[in-house]
Amino acid sequence: MKRGLETLVASAVSTLHARGELDIETAPPLVIERTRDPRHGDFACPVALGLARAARCNPRELAARIVAALPEAGDVESTSVAGPGFINFKMANGAFQRIAGEIVGSESPWGRSRRHAGKRVQVEFVSVNPTGPLHVGHGRGAACGAALANLLEAVGWEVEREYYVNDAGRQMDILALSVWLRYLEVIDWPERPAFPEGGYRGEYIRDVATELAREHDTRLGRDLVEGPPGGDEDARLDALIAGARAALGEDGFAVVADAVLEEILAGIREDLAGFGVVFDRWFSERSLVDTGALARVLDILRERGEAYERDGALWFSATAHGDEKDRVLVRANGQSTYFASDVAYHLDKFERGFDRVIDVWGADHHGYIARVKGAIRALGRNADAFEVVIVQLASLWRGQDRVAMSTRSGEFVTLRDLVDEVGADAARFFYVLRKSDQHLDFDLELAKSRSTENPVYYVQYAHARIASVLRRAGEEGGNGNANAGAGAERSGLGHLSRLTEDHELGLLKTLSRYPEVVEAAAEACEPHQIAHYLRDLANAFHSFYNSHTILAGEADLRSARLTLVEATRRVIADGLGLIGVSAPSTM
RNA sequence: GCGCCCGUAGCUCAGCCGGAUAGAGCAUCGGCCUUCUAAGCCGAGGGUCGUAGGUUCGAAUCCUACCGGGCGCGCCA
C-alpha cells in the first residue's frame, strides 16, 4: 500500500521534472509515512517540504503541483495539501477491506517479502561459554537472536543459526580442574589441594564429579601436590592445572574435560530447546585447532604483513584497521588467545560463502567489535558484511532486590528456572519487548506474575478469543466440525465492503501495517518492533470486539466479520511465531 | 582519563536517517459483564523529551559543551 503511493508520488515528481517545472538536481528519498492523526488521512508524504528548499519555492504550492500531477489510482479516495506542505492521502475503504481477504486467502504466511531471496546470512548467537548452565542473563541473547533470525527469514534471507562453542582454552582447563577436585572430594581422596578461589563452584560441578565417580570409581584418583604458597590466584590456578595434567596424563585430563563439556552442552541444548531456540550448527572452537585453521589464519596474517612478533608474542596490527591498540594473537607462553580463535572462526564464516554475517553479542563485548572487524578487513574480506548486534545484559531483580549473577560464584538463576516458573512464552516476549541495545530490568516477580502487567497475555488473549469465536461459529454451523469456522470466515470474502464501522476499519488498517512492520524490524534488526506492533494489533481487536458482536446480525455482515477476525488471528499467530511465542486457542 | 551506549509521564519504556497537537503499558481515579473468553473495553489526570547553546521554515530526533547513569578499556575469556 505504501509502495503504491511511493510510486504515485515518484511519478508525479518526475512528471514535473520532465516538464521543467521542478528545478532540482537530485530528489531527496521519497518517504511515505503513516499519519498519526486520522484527520490527516491515512498516509502523508513530506516530500514537498524537502524539495522546496532545493527548488526555491513555497512548499505548499509545490505540494499542490505534485498533487495535480498525480496519476489516477483507485485506492486513493482523496488527496490534500495540509500543514506546511504535507501531501495527505485518504485511502478508499476498499483498499483496507481487501487486505482481510488477502490474508485469509493467502496460502503462505501473509506479510512476508522476498526482498532478500537468494541471499544467505549467518546469525551467531548465545555462544555462551560451556562452563555452566545458561542463566537468565543469557536468555535475552537467545530470545533476540532467534527472533532476529526469524525476521530475516521473513524478508527472504536464507538463514543459518549457529552457536560457537568455546571448548578450548584456559576456561575449559579451569572447568576440568574444578570437576576433578570435586571428584577427589567425592571419592574422599586423601591427598588433595584446597579448592581454588577461581574454580567453578556451582552445584552442577559436583553433579558431574559424582557422575565421574560412579563411572570411574577411584581410577581417576591421583595425588596432587601443591607448590609453595604465595603468588597470585591465576598463577596458582595455572599450577594446579599443570599439576592435574601431569598427574592424570593428557588422556586422563581429557576424560574429565570431555565429561564435563558433554554434560554442560547437553544441558545448554536442552535448556534452549525448552526455550524454543534451535540451532542449525554448533561450531567447536577446538575444531579450529584440530583442523589447523587457527595455525593457517596466523600464517595468512603474517604473510599479509598484518601480524608481527614483539616481546615474544605474536600481535595483530589492529591499529592499522581502526582499533585503538594492537592485539595479541599468541602469548609469549605459546598459547593462542581467544581472539586468535575468533579471527580463524570469522574467516571460516566468510569462507562458507555467507553474504552477511551477524553476531549477537552481550554489551560487555562491545569493545571487541573493532578488532574483529579489523581482522576481517586485514584478511581481505568485506568487513561491511559483518555486523554485530549488541544485546544489553538484563539486570535481574526480585522485586526491590537486585539479584547477583556470577557463574563462578554459583549464585544465579538459571534460564531453566525461569522457563519453569514463568513459561517460555512470557520469557521470550519479555526479553524482546525492549530494544535489544537498551538495558532491561528483568523483574522475576513481575515475569512470574500472571497479571496483566505481562503483555504477552494481552496478545495471546486476543488470539484465544478469536479462536473461541471461530469455534462457536463452527458449532452454530450445525455440523460440529472443528473446521467449520474456517469455512465461515471464507464465506465473508464477498462481503468485506460491509466492514465500515470505525473499529472495523481501525483493525483493518492495523492489519495492513504488518508487512511494513516486518520489513522495518528486519532491516533494523529490531525484534521489539514486532512485540510493540502485536500489542497495537491486539488493542485494535479488543476494541472492536467490545464494540460489536461478531456472531449476530445478518449473515453477510457476520461472515465479513468472521473473515476480519480470522485475518487478525493469522497475523497475531504469525507475529508471535516470529518472536517465538505460541498462539494458544484457549486460555 | 579514553571509547561505546543511555537520560522522554510516578514506574518500565516506544518514538530518534528532522516534520503536523510527544505515545504505550503499569500505577492512580471514574465508568462498562442477562449478549461471541472482563487475562477485556471506554474515559480522566499526569511531560522544562537531563541542562545550555548551535544548525533549520521546522529539533525528543542532527551538532557542540556540560551534568547524571551503564558498560568496556589484559600476553582473560
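Below, read A as the first sequence line, B as the second, and so on, with proteins coming before strands; counting in each chain starts at 1.
Between C41(B) and N539(A), a contact under 4.0 Å exists linking OP1 or OP2 to a side-chain N or O. Under 4.0 angstrom from either OP1 or OP2 of C5(B) there lies no side-chain N or O belonging to K435(A). Between Y461(A) and A39(B), a side-chain N or O to OP1/OP2 separation shorter than 4.0 Å is present. Contact annotation: R331(A) side-chain N/O to C76(B) OP1/OP2 distance is under 4.0 Å.
Note on H503(A): nothing from the nucleic acid sits closer than 4.0 angstrom, heavy atoms only. Residue-level contact check: S547(A) touches neither bases nor backbone, having no heavy atom under 4.0 Å from any strand. Contact annotation for N88(A): base contact, defined as any heavy-atom pair under 4.0 Å involving a base atom. Contacts of A332(A) with the nucleic acid, taken as non-hydrogen atoms under 4.0 Å apart, include base atoms. Base engagement by A44(A) is indicated by at least one non-hydrogen atom pair under 4.0 Å involving a base atom. Counting non-hydrogen atoms under 4.0 angstrom, F339(A) reaches nothing in the nucleic acid. When heavy atoms are screened at a 4.0 angstrom cut-off, S341(A) is found touching no nucleic acid atom at all. The residue N166(A) sits apart from the nucleic acid: no heavy atom pair falls under 4.0 Å. Looking at heavy-atom distances under 4.0 Å, T549(A) makes contact with a base.
Taking a centre distance below 5.5 Å and an interplanar angle below 30 degrees as the stacking criterion, H40(A) stacks against the six-membered base ring of A20(B). By the 5.5 angstrom centroid cut-off and the 30-degree plane limit, F86(A) is classified as stacked against the base of A20(B).
Using C1' as the reference atom, C75(B) and U61(B) are 44 Å apart when rounded to the nearest Å. Between the C1' atoms of U51(B) and A59(B), the separation comes to 16 Å (whole Å). C13(B) and A22(B) have their C1' atoms separated by 14 Å, with the value rounded to a whole Å. The gap from the C1' atom of U48(B) to that of G7(B) amounts to 14 Å, rounded to the nearest Å. When the C1' atom is used for both G19(B) and U56(B), the distance is 12 Å, rounded to whole Å. For U8(B) and A24(B), the C1' atoms lie 13 Å apart once the distance is rounded to whole Å. If you take atom P in C16(B) and the same atom in U28(B), they sit 31 Å apart, rounded to whole Å.
Distance check, rounded to the nearest 0.5 Å: OG1 of T563(A) to CD1 of I550(A) gives 11.0 Å.
Judged by Watson-Crick or G-U wobble contacts below 3.5 Å, the nucleotide C41(B) has G31(B) as its partner. Across every strand in view, C66(B) sits in a pair with G50(B) that passes the Watson-Crick or G-U test at under 3.5 angstrom.
Residues Q438(A) and H528(A) have side chains that never bring a donor and an acceptor to within less than 3.5 angstrom of each other.
A salt bridge is absent between R471(A) and E475(A); no separation between the charged side-chain nitrogens and carboxylate oxygens falls under 4.0 Å.
The distance from atom CD1 of I87(A) to atom P of A20(B) is 16 Å, rounded to the nearest whole Å. Between the CD atom of Q392(A) and the P atom of G7(B) there is a distance of 12 Å, rounded to whole Å.
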Using atom types as modelled, flag every donor-acceptor pair under 3.5 Å from a side chain in residues 537-545 of chain A to any protein atom, sequence neighbours excluded.
from    : atom 1 : to      : atom 2 : distance (Å)
N539(A) : ND2    : Y458(A) : OH     : 3.0
H542(A) : ND1    : R465(A) : NH1    : 3.0
H542(A) : NE2    : Y458(A) : O      : 3.3
S543(A) : OG     : N539(A) : O      : 3.0

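Counting atom types as modelled, H365(A) pairs no side-chain N or O with a base atom of G72(B) as donor and acceptor under 3.5 Å. Put simply, the side chain of H542(A) and the base of C41(B) share no donor and acceptor less than 3.5 Å apart.
Less than 4.0 Å separates RNA chain B from at least one heavy atom of each of the following residues of residues 317-328 of chain A: E324(A), K325(A), V328(A).
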Exercise. Kindly indicate, with the supporting measurements, whether the criterion ring pair (Phe, Tyr, Trp, His ring centres under 6.0 Å) is fulfilled by F386(A) and H346(A).
Key: CA-CA 9 Å; F386(A) 169 70; H346(A) 283 85; 5.1 Å; yes

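Across every non-hydrogen atom of V456(A) and A426(A), the tightest pair is CG1-CA, 3.8 Å.
Side-chain contact between L5(A) and C45(A) is absent, with no heavy-atom pair separated by less than 4.5 Å.
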